Amino acid sequence: MHSSPATAHAWKFYRIGDLDQAAIENGADLLALDQLDQKLWVALSCPVKGLELDEKTLTLIDADKDGRIRVPEILATIKWAAPYLKDAGDLLHDRDRLPVSAFNEATPEGAAARTAATEILTRLGRPDATEISLADATDTAKVFAATTLNGDGVIIVDSTADPALKAVIADIVATIGGTPDRSGASGVDQARIDSFYADCAAFANWRAQGEDPAVQAFGAGTAAASAAVQAVRAKIDDYFARSRLAAFDTRALIALNRSEDAYLELATKDLSLGADELTSFPLARVEVDQPLRLDNGVNPAWTGALATFRAAVVSPGLGAGKVTLSEPEWAGLKARVAAYDAWIAAKAGAAVESLGLERIKAILAADQKAALSALVAEDAALAGRFAAIASVEKLLRLARDFRTLLANFVNFTDLYSPDRYAIFQAGVLYLDSRSCELCVPVADPASHSTLAGASYAYLAYCDLKRAGGETMKIVAAFTQGDSDFLRVGRNGIFYDRKGRDWDATITKLVDNPISIRQSFWAPYKKVARFVEDQIAKFAAAKEKSADANLAAGVTSAGTKPADGRPAFDIAKFAGIFAAIGLALGAIGSAIASVATGFLGLAMWQMPLAIAGALLVISGPSMLLAALKLRQRNLGPILDANGWAINGRVRINIPFGTKLTERALLPANARRVLTDPYADKSAARRKRTIILLVVVLAVIAAAIRWDHNRRGHYFWQKPAPVEAP
């Protein structure tokens, strides 16, 4: 037999909702939480997203950043926070502020945090303040607005008084981008400084290589020559390749110059010199071992590009009067621009090119990289000081949110609290004269309902919409009342935790018993629905039969007996009356038998017989409902949302009446029962039936009394008295 290990701490447990829940009421409870057996924690993990708790706080607690908070992370947070505070119980006060005196100056962490808190308040213009709020600690723009060095390893223009350094920092931000500083300004860190100077050196070196005469083969016109060659390279290469093929076999000439059919097809279209079909034709007529003419006889679509090529490349490279180009000459021209093309492809330091070569050379000559690096190092040396400011923010977040997290993790006191909501409760759904407080956000109702159905709760999945297109999905548990008028498509109103209203529509239902009262009436409602269905079917069948008979009667209206009167089948009517009489007799006999048996009971037995009949009819339904209601629990609903629920969080009947409230008139309301639209005939029938039941009860009592007096019922013969 195993039991929970003994602990030095004396724990207090509350019995809430049929569940033992550990109380965390003070700092001693908090510090001893690592001694509490995890089997006694209500939850073992919860998601970071989708809860009514600041996600940033939960992210700070989620040390491994896997989107879930587990027991070790809760304990690690307590261990981290303890040295900062004189009393760890300050984390349980649900306040977004701490007294400055709460920081423990006896520990290095606490002393640094107190100094940081004082510095924050001083920078915000409140040096005499006795407490600090979360808003104070998170307003970093104000806290660090007047700070030039703030421990983040990022320097800004205002971090130095040297104009030359200011200019370089501005150049770095303008070219390769900046890094946000704690002050809110854009600055540079060591990595950006290194990258900037590397780019400057690379760009200057690349530009120096470009001054080589071998690279600038056409002098100042080399760039234009390279562009002109690139524009016609593919077509001139194509021309000389076709010429070589023609030299190999002259039979290919016709195909290489395009067939007449190709020109005929082209002629059927509206042409322009830029048409794709024309551009794809050869650059010039292909001949065997003939140079390319550049002045005439070329494809009209390429006239402009060849003219540019001739002016930028051929004339300076081969002579101004050159009008033909051989294949070796073409190869030589390509070789002359190849060095330039390779230099362009190897371009380096492009990020700083916008500064211009002269500015880049000046930056490299001044060599202020060391001074900038020293400034970054000076800033980073203050990291510990400003890390303490970040720890103050974390402590203030915990002071506001940690109790709430524990009250929905170690125990579920917020769920059972009359004036709080649990962090998984999204709001309140109003529908069918009820308000449902157990509303949980869901992402996928189909997959969620697979597991949530094991909660034995009646669940309604709803789509929520707000003006503006905002949407959400929830599942609401109905834990009081009945389900008679709950169906897919019904609309209601949902109020979230911020008080905003959403249109709600039921999209899916998971059917489970809601209450014992509903289960008691369920058999009678089923019988009533069955009778209604049968009557409706009978009426529909009779209506159909009547319509058919009417049609048949119209068709045979001219057919009559010889005397002009319709035929009368007396045998048929006699059979009908006999059947009706037999049915009435059977019903009467059954009623008489039941009445005789009932009246044969003693007066004290009659109520028991009625109760027994009700128990036989409603008992099985009530027993099944009671068993399911006893097993109704919250665990599967939350497990389907990514929680790991450890305890059996039951939703018993009293707790269910809190989670779902029915419409009730105010205690001091005055009710006027006069209804001008009341169904008076129905009310009279109801009164008549009640009066008839009372009269029958009185008659039954009188018959029973007379039976006791006579020794037999008045319609029975008295038993003969034997002679002594």
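Each residue takes its place number in the sequence, starting with 1. Bear in mind that the values here come from a model prediction, so they are computed numbers and not experimental data. All values below come from the heavy atoms of this structure, side chains included, with hydrogens, waters and symmetry mates left out.
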Treating Asn646 as the side-chain partner and Lys39 as the backbone partner, does any N or O pair qualify as donor plus acceptor under 3.5 Å? yes
Give a yes or no on whether the backbone of Val188 and the side-chain of Thr179 come within a donor-acceptor separation of less than 3.5 Å. no
Under the side-chain contact (heavy atoms from CB on, under 4.5 Å) criterion, do Leu92 and Leu406 qualify, and how do the steps go? CA-CA 9 Å; Leu92 302 174; Leu406 296 180; 4.0 Å; yes
For Lys658 and Glu437: C-alpha separation, side-chain torsions, deciding distance, then whether salt bridge (charged side-chain N to carboxylate O under 4.0 Å, His left out) applies. CA-CA 8 Å; Lys658 170 192 175 295; Glu437 295 184 357; 3.6 Å; yes
Pair Trp11, Asp37 - check side-chain contact (heavy atoms from CB on, under 4.5 Å), show working. CA-CA 11 Å; Trp11 286 98; Asp37 187 354; over 6 Å; no
Minimum heavy-atom distance between Ala476 and Cys436, given as atom pair plus value: CB-CB, 4.4 Å
Between the main-chain N or O of Leu53 and the side-chain N or O of Thr57, is there a donor-acceptor pair closer than 3.5 Å? no
Evaluation steps, side-chain contact (heavy atoms from CB on, under 4.5 Å), between Trp41 and Val71: CA-CA 9 Å; Trp41 292 50; Val71 173; 3.7 Å; yes
Heavy-atom donor-acceptor pair, Asp189 side chain to Gly153 backbone, under 3.5 Å: no
Hydrogens and angles aside, do Asp401 and Thr404 bring a side-chain donor and acceptor to less than 3.5 Å of each other? no
CA sep, side-chain torsions, deciding dist, call: Lys49, Glu55, salt bridge (charged side-chain N to carboxylate O under 4.0 Å, His left out): CA-CA 6 Å; Lys49 296 182 179 294; Glu55 189 175 317; 2.7 Å; yes
Side chains of Phe402 and Leu395: does their closest heavy-atom pair fall under 4.5 Å? no
Minimum heavy-atom distance between Ser391 and Ala113, given as atom pair plus value: OG-CB, 4.4 Å
I want to know whether Tyr430 and Phe494 have ring centres closer than 6.0 Å. no
For Thr160 and Asp162, test the side chains for any donor-to-acceptor distance below 3.5 angstrom and give the result as yes or no. no
If only atom types and distance count, is the side chain of Asp379 paired as donor or acceptor with the main-chain N or O of Asp152 below 3.5 Å? yes
Is the closest side-chain donor-acceptor distance between Gln190 and Asp194 under 3.5 Å? yes
Please check if atom NZ in Lys498 has more than 12 non-hydrogen atoms from other residues, nucleotides or ligands closer than 6.0 Å. no
For this output row, return yes or no: ring centroids of Phe424 and Trp643 closer than 6.0 angstrom. yes
For the pair Asp87 (side chain) and Asp90 (backbone), establish whether a donor and an acceptor sit closer than 3.5 Å, ignoring hydrogens and angles. no
Between Gln21 (side chain) and Ile16 (backbone), is there a donor-acceptor pair under 3.5 Å? yes
Only one of Leu375, Val168, Val376 passes side chain to side chain contact (heavy atoms under 4.5 Å, CB included) with Ile193, and that residue is Val376
Heavy-atom side-chain contact between His93 and Arg403 under 4.5 Å: no
Tell me whether Thr107 contacts the main-chain N or O of Gly110 through its side chain, where contact means a donor paired with an acceptor under 3.5 Å. yes
Taking Gly67's backbone N and O only, do any of them form a donor-acceptor pair with Asp62's side chain (distance below 3.5 Å, no angle check)? yes
Check this for me: does any side-chain nitrogen of one of Asp94 and Arg420 sit under 4.0 Å from a carboxylate oxygen of the other? yes
Can you see which heavy atom on Ile645 is nearest to which on Asp639, and at what distance? N-OD1, 3.0 Å
Provide the closest heavy-atom pair for Asn633 versus Ala454 in the form atom of the first, atom of the second, distance. ND2-O, 4.3 Å
Check the pair Asn491 / Thr505 against side-chain hydrogen bond (donor to acceptor under 3.5 Å, both in side chains), numbers first and verdict last. CA-CA 5 Å; Asn491 295 324; Thr505 303; 2.8 Å; yes
Residue pairs meeting side-chain hydrogen bond (donor to acceptor under 3.5 Å, both in side chains), one or both in residues 69-80, sequence neighbours left out, come to Asp66-Arg70
Any ion pair linking Asp171 and Arg359 (charged N to carboxylate O, less than 4.0 Å)? yes
Output yes when a side-chain donor or acceptor of Arg68 lies under 3.5 Å from a complementary backbone atom of Gly642, and no otherwise. yes
One pair to check against salt bridge (charged side-chain N to carboxylate O under 4.0 Å, His left out): Arg400 and Asp54. What are the steps and the verdict? CA-CA 10 Å; Arg400 183 193 64 182; Asp54 193 333; 2.8 Å; yes
What is the distance from atom CZ of Arg500 to atom CZ of Arg466, rounded to the nearest 0.5 Å? 5.0 Å
Does Arg648 have more than 12 heavy atoms from other residues, nucleotides or ligands lying within 6.0 Å of its CZ? no
Give the C-alpha distance, both sets of side-chain angles, the deciding distance and a yes or no for salt bridge (charged side-chain N to carboxylate O under 4.0 Å, His left out) between Glu131 and Arg126. CA-CA 10 Å; Glu131 66 176 15; Arg126 305 202 314 274; over 6 Å; no
Side-chain polar contacts of residues 341-355 - donor-acceptor pairs under 3.5 angstrom, sequence neighbours left out - could you list them?
from	atom 1	to	atom 2	distance (Å)
Asp341	OD1	Ser226	OG	2.4
Asp341	OD2	Gln230	NE2	3.1
Trp343	NE1	Trp206	O	2.7
Lys347	NZ	Glu353	OE1	2.6
Lys347	NZ	Glu353	OE2	3.1

Could you report the tightest heavy-atom contact between Cys200 and Ile360, atom names first, then the distance? O-CG2, 3.5 Å
Candidate pair Glu393 and Ile132, rule side-chain contact (heavy atoms from CB on, under 4.5 Å), full reasoning: CA-CA 10 Å; Glu393 179 188 350; Ile132 182 171; over 6 Å; no
Any Lys/Arg nitrogen of Asp463 or Lys473 sitting under 4.0 Å from an Asp/Glu carboxylate oxygen of the other? yes
Quick check: closest heavy atoms across Ile156 and Ile169, and the distance to 0.1 Å? O-CD1, 3.6 Å
Working to the nearest 0.5 angstrom, can you tell me the gap between Asn411 CG and Tyr14 OH? 10.0 Å
